[in-house]
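Just the heavy atoms: all of them, side chains too, but no hydrogens, waters or symmetry mates, feed the values below. First the proteins, then the strands, lettered A, B, ... as listed; each starts at 1.
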Amino acid sequence: MNAPPGIEDVLRELAPQVLGPLVRRFGHFDACEDAVQEALIAATVQWPAEGVPHNPRGWLVTVASRRVTDQLRSDEARRRRESTTAMLALPGDAIAPDRDDTLTLLFLCCHPALSPPSQLALTLRAVGGLTTAQIASAFLVPETTMAQRISRAKQRIKGSGARFEPPAEGERAERLGVVLHVLYLVFNEGYTATSGPHLQRTDLTAEAIRLTRVVHRLLPDDGEVAGLLALMLLTDARRPARTRPDGSLVPLEEQDRSRWDQDAIKEGVVLVTDALARAPIGPYQLQAAIAAVHDEAATADDTDWRQILGLYDLLERLAPNPMVTLNRAVAVAMVEGPAAALDLLATLDADQRVVQHYRLAAVRAHLLEMTGDRAGARAGYHEAARRTTSIPERRYLESRADRLRGAR
Amino acid sequence: MKYILLIYQNPAAWENLSEEERNRVFGEVDSLMAELTRSGEWIGGEGLADASQTKTVRVRDGVPAVTDGPFIESKEQLAGYCIVECETPERATEIAARWPDARYWAMEVRAIMEPAGEEM
């Protein structure tokens with residue numbers, strides 16, 4: 001969409017509130033989703049020229065309904081040449097929104113029958129109101145590829161027999177977990193620093209935060225939803241200090257903390273503190289709490305590593321994962337020294353999930369540098385640089401190795 | 001993750017394939033491309049003109065020197081490439097194994113660098 005920002009914000013906000021009622025009315029998620037997309041595009045053309053209608057949602061519902069009925073009627077006419085079936089119901093004047101429509105749509109777009117890339121793409125289009133072209137450019141793939149993924153995702157949903165209704169009570173927690181994971185992936189896709197010709201990527205970080213805010217508004221008592229929103233805010237707060245103008249990465253301890261977004265930090269700290277106080281603890285809350293400890297330190301030296309270590313201990317017990325162990329090793333090094341951390345790292349050498357990962361080599365190099373083993377550290381940074389598939393990460397790791405040049 | 005699948009061929013051996021065999025290769029490539037397009041994994045790809053049509057360019061002391069023929073002299077030459085986006089490296093390898101050239105010569109699977117990176 002290329003509408004002025006104000007209009008685009010309104011359209012993106014309205015997208016799920018138009019699609020939800022339509023699907024409830026007509027069924028046919030596939031046809032309704034296409035119709036809403038067409039109505040959004042029509043609005044981006046007409047509204048800037050003719051003014052925003054008095055009732056924007058009503059306008060979109062009317063335009064999209066007309067398209068759906070046209071589409072379904074022509075399908076019906078085709079079918080009727082072969083057999084007689086009942087006439088389609090026409091839309092009423094007003095199709096009322098339901099406050100849980102957006103949540104139901106999220107559950108549908110993040111259906112477990114879909115692969116994660118399909119879940120992401122469909123969520124951004126059907127709930128986020130982004131166009132296929134915007135999603136394609138954000139994920140750096142051709143528009144035809146993205147269109148294919150979206151249409152395949154919709155076929156899968158149809159084939160799975162999934163209906164537009166909230167998941168059964170027994171599987172609700174698990175399904176919400178998938179929704180949160182998809183939002184987390186969207187955030188990460190946008191958060192990773194970009195450089196060079198790709199600076200124009202659609203801001204997926206802001207979109208992930210916006211959608212997570214919507215979920216938090218709908219489920220204010222869910223601690224993990226609040227935790228995820230806090231984690232995003234506390235991480236995104238560091239964005240202005242995370243890269244240099246040339247796109248190279250600035251590690252946490254070297255960032256200019258005066259450039260961190262204090263409003264985002266405040267909001268994130270309040271969210272996670274409140275969630276930890278009254279909801280069952282969960283991995284997103286713990287990760288948010290760790291981010292909060294980093295963000296609240298005035299300087300890198302002021303970081304409360306003991307508290308961070310305690311939180312990683314809890315996280316590892318709650319959701320064991322070699323990446324968590326890797327991060328915990330950094331905290332162990334700060335509290336107990338690099339030798340203890342290297343021992344911990346050694347336990348990962350037999351773990352097939354990380355043994356080839358650049359981060360294992362990078363963390364080990366960092367720990368070796370702390371012990372004074374400059375040659376070992378340099379070799380480790382080079383090894384990590386060869387393993388990463390990210391250009392800025394390779395640049396950063398090569399520059400760390402360069403600092404140790406001459407080490408033997 | 002995006003992968004480039006580099007298609008290696010031996011031009012002399014290709015010429016010695018029967019027309020029926022060559023047509024089978026083309027047919028397999030067409031249906032594989034259609035399948036990858038449907039699955040949303042296909043990003044793009046092209047075939048390359050014969051290696052004998054290659055120019056190799058070197059600049060030495062600011063002076064470009066252009067020679068005929070490929071940079072690396074070898075019986076097997078790059079004949080084309082395709083770019084796919086896959087969820088796992090195993091999946092990229094699986095696609096390469098189904099490319100007909102892998103039966104005769106070889107396919108090379110290389111990960112493509114991403115412009116984004118994680119905070120350290």
Handout entry: Interface residue of largest heavy-atom contact number with chain B, from A/Arg238, A/Glu254, A/Glu253, A/Met146, under 4.5 Å
Key =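 Of A/Arg238, A/Glu254, A/Glu253, A/Met146, A/Arg238 has the most heavy-atom pairs under 4.5 Å with chain B.
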Does the [X] side chain pair with the main chain of [Y], one donor and one acceptor, at a distance under 3.5 Å?
X	Y	value
B/Ser31	B/Glu28	yes
B/Thr93	B/Pro89	yes
A/Ser118	A/Leu114	no
A/Gln119	A/His111	yes

Problem - Test applied, side chain to side chain contact (heavy atoms under 4.5 Å, CB included); reference residue, A/Ile150; option that passes from A/Thr145, A/Asp34, A/Leu124, A/Ile135 - result: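 Single pass found, and it is A/Ile135.
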Exercise for the section: Decide if the gap between the ring center of A/His294 and the ring center of A/Trp305 is smaller than 6.0 angstrom. Expected result: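 So the answer is yes for these two rings.
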Exercise for the section: With rounding to the nearest 0.5 Å, note down the distance linking CG in A/Leu249 to CZ in A/Arg400. Expected result: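 Output value for this atom pair is 12.0 Å.
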Problem - Short N-O contact, A/Glu393 and A/Arg387, less than 4.0 angstrom - result: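 No, A/Glu393 and A/Arg387 are not salt-bridged.
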Exercise for the section: Say whether B/Glu85 and B/Tyr3, considering side chains only, have a donor N or O and an acceptor N or O under 3.5 Å apart. Expected result: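 Not at all, the side chains of B/Glu85 and B/Tyr3 share no donor-acceptor pair under 3.5 Å.
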Exercise for the section: Would you check if there is a donor-acceptor pair between the side chains of A/Arg257 and A/Thr299 at a distance under 3.5 Å? Expected result: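 No, A/Arg257 and A/Thr299 have no side-chain donor paired with an acceptor closer than 3.5 Å.
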Practice task
Identify the residues of residues 99-114 of chain B whose heavy atoms come closer than 4.5 Å to a heavy atom of chain A, ordered by number, or report 'none'.
Solution key: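 So the qualifying residues are B/Ala111, B/Ile112, B/Met113, B/Glu114.
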Practice task
Using heavy atoms and a sub-4.5 Å threshold, report which of residues 52-74 of chain B line up against chain A, by residue number.
Solution key: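 Listed by number, there are no contacting residues, so the answer is none.
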